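Here the structure is laid out as structure tokens; the discussion comes afterwards.
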Amino acid sequence: AAAARMARKARGRRPEGALHASPLVRCGIFWLMPIGFLLTSLNGALETADREADTMSTLLPTAVALLGLSFAGVLAELALQCPSGKLWHVQLTLQLVLAVYSLDGFAWLASPSVPAPPQAAVSAPQPGLPAAAAAGKATVGVPEPAKAPAKAFLAQSDAAVPQPDEVTASRNLPERMSIVLPCLNETKMAGPTVKRFCERTPNELLEEIIVVDDGSTPPMEEVLAKENIDPKCRLRFLRHDKPYGLMIAKQTGGDAAKGKYIGFYDCHVAPVKDWYKQTFKLLKEKERRLVVPMIGELDLDTFDQKKNGALQAKCYINFDAEFWWYDDDSDNIPIISGGLVATTRAWWHESGGFDKGMRGWGGENSDQSLRAWLCGGDVIRDKTSIIAHMWRVPQDARTTAKFHLNSHVDNLGRVAAMWFDEFKVKFRNGALDKKLDVSEGLKLRERLHCKPFAYFLHRFRSIYLDGGMLPDQVFRIKHVESGRCIARSGGGYELHDCGSATRFHFANKRGPRFPASMDVFDEAADDNQGGALVTCGGHQASKCSECPQGHGADWCHVDCSWVFGACVSNKRLSSLKKTSKKQVCCSGIREWNSMYCFDALRDNGPIAYQCDMMGTNDNQQYLIDPSGHIRHGSGKCLDVSHKKLVPGNCVTAATFEQIEHFVSEEKKLYEATIKKYGYTDDMPSK
């Protein structure tokens with residue numbers, strides 16, 4: 001009996017050691033870590049699934065498969081753990097195999113999702129271009145080290161210093177243009193775009209049309225083979241093995257271009273007749289120059305400029321590196337809008353093109369513009385050149401993008417880190433990522449002897465000073481009766497606790513309709529000296545302020561004018577215009593650190609809309625008069641009803657006050673830097 005008991009005990013004994021412990025211990029050793037890694041990897045795969053065309057077919061299924069194997073291993077662990085313990089070696093082998101496989105899969109999945117830039121394709125006979133590219137087409141692939149940190153890719157920005165002979169050779173080329181068209185899945189638009197440029201550019205001035213296929217499915221070369229493109233178009237194809245984004249595609253095309261001039265245009269545009277004439281002339285005048293056409297509206301039915309369509313070309317940038325449109329009488333452009341611009345091949349190679357640490361779309365327009373303005377160049381509008389552009393309109397399915405790229409690279413942060421200098425503290429209220437590596441871009445600035453960002457602000461002070469972007473006073477707006485303040489809410493504004501309310505400042509240039517002085521609203525000064533009655537229209541009154549009698553602008557005519565909800569003597573208006581100090585700013589109310597201003601005064605108060613810096617939008621004409629009324633150019637005043645903002649009669653409207661005033665940090669920085677660098681007002685301002 002004793003021997004039998006010892007035999008049974010021996011059969012049930014398990015090997016000792018951590019590897020032979022209970023199932024839970026072995027699960028902790030072999031499964032918890034791989035499963036945690038794979039869950040993290042799967043989350044990353046889901047985030048990037050919409051960025052790269054091949055993600056759904058390779059990376060994501062592999063992550064799911066590895067995760068499934070890991071959970072299967074856990075179940076096998078529990079199932080194979082028999083009371084007798086005979087199968088412990090089977091469990092151990094299975095765990096080791098699956099754990100190693102899982103960890104190896106994780107190492108691959110954890111490799112950077114941000115692609116390295118394509119290998120530069122340069123025109124023959126320069127070294128480095130594959131033979132197929134020299135013949136007119138090439139596939140540009142990018143090796144991606146599996147375990148390299150993402151920072152390694154970002155650090156490649158502007159690393160290559162151009163060879164002097166490349167820049168010199170560009171200057172000696174005949175005056176011909178390479179047209180670069182970056183295309184991604186533009187199956188309907190690419191053909192007509194190529195044909196329009198080919199038809200409307202003289203053969204003797206057209207070096208080539210380069211279609212950079214950013215990993216399209218099907219390839220753009222197959223698509224355009226069906227379009228019967230005339231050989232005189234000198235069409236070339238460069239293809240990426242996967243989508244890298246607009247700026248990388250343009251970089252590939254620009255590096256490969258053979259023409260003395262390079263025109264970068266979108267793959268859904270149509271130039272008008274003679275679009276090239278002034279552009280060539282402007283580029284010939286100055287090597288370090290960007291030339292921007294007037295950007296029109298493409299009629300997709302005719303694939304030409306829409307009749308009476310809007311034209312625009314100029315943008316500015318704020319301290320968050322965001323851009324918006326504006327217009328004035330100068331042909332100098334502070335910031336280009338993006339994809340439609342021409343430059344010289346020499347400047348392209350000397351300046352390095354784009355910041356190669358960027359990905360996707362956005363920010364490259366500001367980077368390219370600041371390179372020009374701060375490094376000895378300029379950006380000029382060509383009013384005679386019109387390129388009709390297809391704008392994406394939700395109501396027209398033909399304009400829907402056939403791709404979606406999400407780079408997870410902070411392009412705007414890279415702009416601020418590389419170019420903003422002392423003003424970096426203003427970027428996203430001081431939230432600039434200090435880990436951004438723009439060291440190569442800073443070396444480029446040093447090599448090109450670029451000016452500080454303060455020069456750009458001063459060079460365009462007609463926008464930044466006159467447009468109110470460097471405010472003397474920032475404040476909150478408090479409703480006197482309730483003690484609550486105006487705050488942004490969705491697409492409009494509401495009353496909130498003042499501690500969390502929006503900060504505002506006055507902005508936008510003054511137009512001719514804006515009052516010359518706040519004294520306009522001083523009714524005591526409106527006495528009709530001499531005692532004669534004033535004619536209000538069909539009736540008379542002792543003074544203009546008594547004309548309306550509750551009827552508003554309809555009862556304020558002849559001797560009087562309706563100004564922001566007040567009936568004022570024409571004589572007095574004329575006198576104030578002569579005697580008041582001329583002020584260029586301001587005619588509206590803008591959110592601090594934002595692109596948005598008070599716009600149209602609706603039934604639920606002002607709506608928020610991008611600011612009109614030039615002060616031409618009547619909807620954005622607002623002022624706060626000495627009595628505390630917020631007056632709108634429509635003649636209504638901002639009122640409060642049942643704790644909500646509404647339009648009201650200025651006679652009875654609510655009153656507001658400005659609280660918590662301070663001088664903006666950007667104004668202090670501007671004044672300090674222009675003094676530091678010795679910039680004066682005799683410099684151009686727009």
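Fair warning: this is a prediction, and the values are worked out from it, not measured in the lab.
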Using the salt bridge (charged side-chain N to carboxylate O under 4.0 Å, His left out) criterion, which residues pair with Glu481? Sequence neighbours excluded.
none
Tell me every residue that passes side-chain contact (heavy atoms from CB on, under 4.5 Å) with Arg459, counting only those two or more places apart in sequence or in another chain.
Asn332, Trp373, Tyr455, Pro684
Cut-off 3.5 Å, side chains only: do Asn570 and Ser561 have a donor facing an acceptor?
yes
Quick check on Lys273: does its NZ atom have over 12 non-hydrogen neighbours (other residues, nucleotides or ligands) under 6.0 Å away?
no
Using the six-membered ring wherever Trp is involved, compare the ring planes of His539 and Trp555 and label them parallel, tilted or perpendicular (cut-offs 30° and 60°).
tilted
Do the side chain of Ser575 and the main chain of Lys571 share a donor and acceptor less than 3.5 angstrom apart?
no
Qualifying side chain to side chain donor-acceptor pair (under 3.5 Å) pairs with a residue from residues 677-686, counting only residues at least two apart or across chains
Asp329-Lys686, Glu422-Tyr677, Thr680-Asp682
Any side-chain heavy atom of Asp559 sitting closer than 4.5 Å to one from Gln540?
no
Would you please indicate if the ring centroids of Phe514 and Phe564 are separated by under 6.0 Å?
yes
With no hydrogens and no angle check, do the side chains of Asp466 and Ser462 hold a donor and an acceptor under 3.5 Å apart?
no
Minimum heavy-atom separation for Leu457 and Phe319, please, with both atom names.
CD1-CE2, 4.1 Å
OG-CG distance between Ser580 and Asp519, expressed to the nearest 0.5 angstrom
6.5 Å
Please report the interatomic distance CD1(Ile589) to CD(Gln620), rounded to the nearest 0.5 Å.
11.0 Å
Check: Asp599 main-chain N/O paired with Asn619 side-chain donor or acceptor under 3.5 Å
no
How far does CZ of Phe420 sit from CZ of Phe427, to the nearest 0.5 angstrom?
7.5 Å
Please find the pair of heavy atoms, one from Leu436 and one from Arg414, that lie closest to each other, and give the distance.
CD1-N, 3.9 Å
So do Cys544 and Cys536 have their SG atoms closer than 2.5 Å?
no
Atom NZ of residue position Lys636 - does it have more than 12 heavy atoms of other residues, nucleotides or ligands inside 6.0 Å?
no
Is the shortest side-chain heavy-atom distance between Pro606 and Leu638 below 4.5 Å?
yes
If you measure from NZ on Lys451 to CZ on Arg445, what distance do you get to the nearest 0.5 Å?
11.0 Å
Taking the six-membered ring for Trp, are Phe475 and Phe506 closer than 6.0 Å centroid to centroid?
yes
Report yes if the side chains of Pro471 and Glu666 come closer than 4.5 Å at any heavy-atom pair, otherwise no.
yes
Salt bridge or not for Arg572 and Asp522, using N-O below 4.0 Å?
no
Taking only residues two or more places apart in sequence or in another chain, which ones pass disulfide bond (SG atoms under 2.5 Å apart) with Cys585?
none
Any Lys/Arg nitrogen of Asp331 or Arg381 sitting under 4.0 Å from an Asp/Glu carboxylate oxygen of the other?
yes
Between atom CD of Glu322 and atom OG of Ser366, what is the distance when rounded to the nearest 0.5 Å?
10.0 Å
How many angstroms lie between atom SG of Cys485 and atom CZ of Arg476, to the nearest 0.5 angstrom?
7.0 Å
Could you report the tightest heavy-atom contact between Asn508 and Cys597, atom names first, then the distance?
ND2-SG, 3.7 Å
Taking SG to SG, are Cys556 and Cys547 separated by less than 2.5 Å?
no
So does Ala654 get a backbone contact from the side chain of Asp639, meaning a donor-acceptor N/O pair under 3.5 Å?
yes
Ser627/Asp625 under side-chain hydrogen bond (donor to acceptor under 3.5 Å, both in side chains): CA gap, chis, key distance, verdict:
CA-CA 5 Å; Ser627 64; Asp625 73 19; 2.7 Å; yes
Could you tell me which residues satisfy salt bridge (charged side-chain N to carboxylate O under 4.0 Å, His left out) with Asp378, sequence neighbours excluded, listed by chain and number?
Lys286, Arg289
Evaluation steps, side-chain contact (heavy atoms from CB on, under 4.5 Å), between Phe423 and Thr673:
CA-CA 10 Å; Phe423 294 84; Thr673 52; 3.9 Å; yes
May I ask you to test the Phe453-Leu669 pair for a side-chain heavy-atom distance under 4.5 Å?
no
Side chain Gln658, main chain Val474, donor-acceptor under 3.5 Å
no
Taking the basic N atoms (NZ, or NE/NH1/NH2) and the acidic carboxylate oxygens, is any pair closer than 4.0 Å for Glu660 and Lys478?
no
Quick one: does NZ or CZ of Arg196 land under 6.0 Å from the six-membered ring centre of Phe303, within 45 degrees of the ring axis?
no
Determine, for Arg513 against Asp618, whether the closest basic-nitrogen to carboxylate-oxygen distance falls under 4.0 angstrom.
yes
Sidechain N-carboxylate O distance under 4.0 Å for Arg200, Asp304:
yes
Taking all heavy atoms of Val646 and all of Ser641, pick out the closest pair and write down the distance.
CG2-CB, 3.9 Å
Provide the closest heavy-atom pair for Phe323 versus Cys315 in the form atom of the first, atom of the second, distance.
CD1-SG, 3.7 Å
Any non-hydrogen side-chain atom of Ile387 less than 4.5 Å from a side-chain atom of Asp266?
no
Consider ring pair (Phe, Tyr, Trp, His ring centres under 6.0 Å). Of Phe598, Tyr609, Tyr622, which one does Tyr493 pass it with?
Phe598
Does Val272 offer a backbone N or O that forms a donor-acceptor pair with the side chain of Gln305 under 3.5 Å?
no
How about Lys277 and Thr384: do any of their side-chain heavy atoms sit closer than 4.5 Å?
no
Would you say Gln278 and Val291 make side-chain contact, with heavy atoms under 4.5 Å?
no
Counting distance only, does the side-chain N/O of Asn411 pair as donor-acceptor with the main-chain N or O of Met358 below 3.5 Å?
no
Arg371/Asp367 salt bridge by N-O under 4.0 Å criterion:
yes
The criterion is ring-ring contact (aromatic ring centres under 6.0 Å, His included); which residues satisfy it with Phe656, sequence neighbours excluded?
His479
Between Lys314 and Asp328 (salt bridge meaning N to carboxylate O under 4.0 Å), is one present in this structure?
yes
Between Val640 and Leu645, is any pair of side-chain heavy atoms under 4.5 Å apart?
yes
When you measure from the side chain of Ser587 to the backbone N and O of Lys509, does any donor-acceptor pair fall under 3.5 Å?
yes
Centroid-centroid distance, Tyr670 to Tyr464, less than 6.0 Å:
no
Non-hydrogen atoms of Asp320 and Asn593 that approach each other most closely
OD2-O, 4.0 Å
Determine, step by step, whether Trp325 and Ser337 satisfy the side-chain contact (heavy atoms from CB on, under 4.5 Å) criterion, reporting the C-alpha distance in whole Å, the side-chain angles of both residues, the deciding distance to 0.1 Å, and the verdict.
CA-CA 8 Å; Trp325 304 92; Ser337 64; 3.2 Å; yes
Please check this pair: side chain of Arg590 against backbone of Ala507, looking for a donor-acceptor N/O pair closer than 3.5 Å.
no
